[in-house]
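Presented below is the structure to which this report refers.
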Amino acid sequence: MTDKPVIEERENGPLVVKGVSRMVGPDGAEVEVKPVMALCRCGASKSKPFCDGTHNEIGFQSRGGTPAGKDVVLSYKGASVTVLYNPLVCSHAAECVTMAPKAFDPDRRPWIDPDAEDAATLESVVRACPSGALRIEGQDHLIPDGAQITIAANGPYCVLGMEIDEKIAGEGATADKKVLCRCGQSGNKPYCDGTHRDAGWKDG
Ligand code: SF4
Ligand code: FES
């Protein structure tokens with residue numbers, strides 16, 4: 001194993017991950033890790049999560065497209081807590097909406113109302129936010145427990161505590177948690193922008 005877990009992008013090819021100690025699959029089961037692994041991010045491998053070279057056949061491009069959100073830090077001020085949100089970084093998995101629907105309602109404007117939940121609930125949501133799109137003003141990012149790589153069913157790679165050689169990131173983003181595209185269709189690769197959900201992308 002390498003000392004420090006890292007992710008390297010291969011141009012128009014897979015994500016090469018080195019030194020991962022733990023990876024969990026879409027079914028919640030542990031995936032056996034090797035010191036170096038090439039993970040599919042074109043969405044088309046027949047050996048997911050591993051790359052089988054199909055990216056060459058389909059002409060996968062590791063850049064291009066239009067991100068679903070802007071790179072801007074939006075501020076939602078409450079009486080005692082202000083929530084910050086960067087739409088570019090958001091993977092739109094809606095953990096926030098599921099965990100605290102009164103505070104996070106995408107059909108409302110403004111969509112975040114910090115006063116609709118107590119501070120402890122807001123902190124739980126911000127910690128669970130896999131992408132770091134959400135922060136609480138005046139605090140560092142809150143990082144959840146979990147495997148270094150968790151593969152979401154029909155969705156992206158959720159990554160904890162791994163450096164990536166590509167420095168594209170949104171304003172205020174953290175290196176400590178990130179969500180990386182696995183379907184090949186994000187407009188903000190290597191990061192997930194939620195396109196897998198809109199496109200109905202499936203693992204199988
Ligand atoms: S990435 Fe964070 S802000 Fe975006 S939907 Fe998921 S929990 Fe909400
Ligand atoms: S990135 Fe190689 S098969 Fe998908």
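Both ligands and their constituent atoms are indexed starting at 1 by order of listing.
- Counting only heavy atoms of the protein, atom 1 (S) of ligand 2 lies nearest to R41 N, 3.4 Å.
- Q148 and S21 share a donor-acceptor pair across their side chains, judged by distance under 3.5 Å alone.
- Taking atom 3 (S) of ligand 1 as the reference point, the nearest protein heavy-atom neighbour is L134 CG, 3.5 Å.
- Distances below 4.0 Å separate heavy atoms of A94 from the following atoms of ligand 1: 5 (S), 6 (Fe).
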Quiz prompt | Stepwise salt bridge (Lys or Arg N to Asp or Glu O under 4.0 Å) test for E9 and R41 | solution = CA-CA 10 Å; E9 279 198 288; R41 51 126 170 204; 2.7 Å; yes
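- In this structure, CG in L39 is found 4.5 Å from OH in Y157, a value given to the nearest 0.5 Å.
- Protein heavy atom at the shortest distance from atom 8 (Fe) of ligand 1 is C96 SG, 2.3 Å.
- At atom 4 (Fe) of ligand 2, the vertex angle linking SG of C42 with SG of C40 is 100° (nearest 10 degrees).
- Side chains of S186 and N188: no donor on one and acceptor on the other come within 3.5 Å.
- For atom 1 (S) of ligand 1, the nearest protein heavy atom (residue, atom name, distance) is S131 OG, 3.1 Å.
- Among protein heavy atoms, the minimum distance from atom 2 (Fe) of ligand 2 is reached at H55 ND1, 2.2 Å.
- Heavy-atom proximity to D52, at under 4.0 Å, picks out these atoms of ligand 2: 3 (S).
- Once rounded to the nearest 0.5 Å, the distance linking CG of L160 with NZ of K178 reads 9.0 Å.
- Atom 8 (Fe) of ligand 1 has no N, O or S atom of C129 closer than 2.8 Å.
- Using a 4.0 Å cut-off to heavy atoms of H92, the atoms of ligand 1 that qualify are 4 (Fe), 5 (S).
- Applying the 4.0 Å criterion to heavy atoms of A93 picks out, from ligand 1, the atoms 5 (S), 6 (Fe).
- With rounding to the nearest 0.5 angstrom, the CZ atom of R182 is 6.0 Å from the CD1 atom of I151.
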Self-check item: Stepwise salt bridge (Lys or Arg N to Asp or Glu O under 4.0 Å) test for E8 and R10
Solution: CA-CA 6 Å; E8 298 170 359; R10 293 291 180 265; 3.1 Å; yes
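- Residues D140 and R135 are not paired through a salt bridge, judged by the lack of any N-O separation under 4.0 Å between the basic side chain and the carboxylate.
- The shortest contact between atom 6 (Fe) of ligand 1 and any protein heavy atom is with E95 OE1, 2.9 Å.
- If you check the side chains of T121 and D118, you find a donor sitting under 3.5 Å from an acceptor.
- Close contacts between ligand 1 and C90 involve ligand atoms 1 (S), 3 (S), 4 (Fe), 5 (S) [criterion: under 4.0 Å to a heavy atom].
- Heavy-atom separations between Y85 and ligand 1 include at least one value shorter than 4.0 Å.
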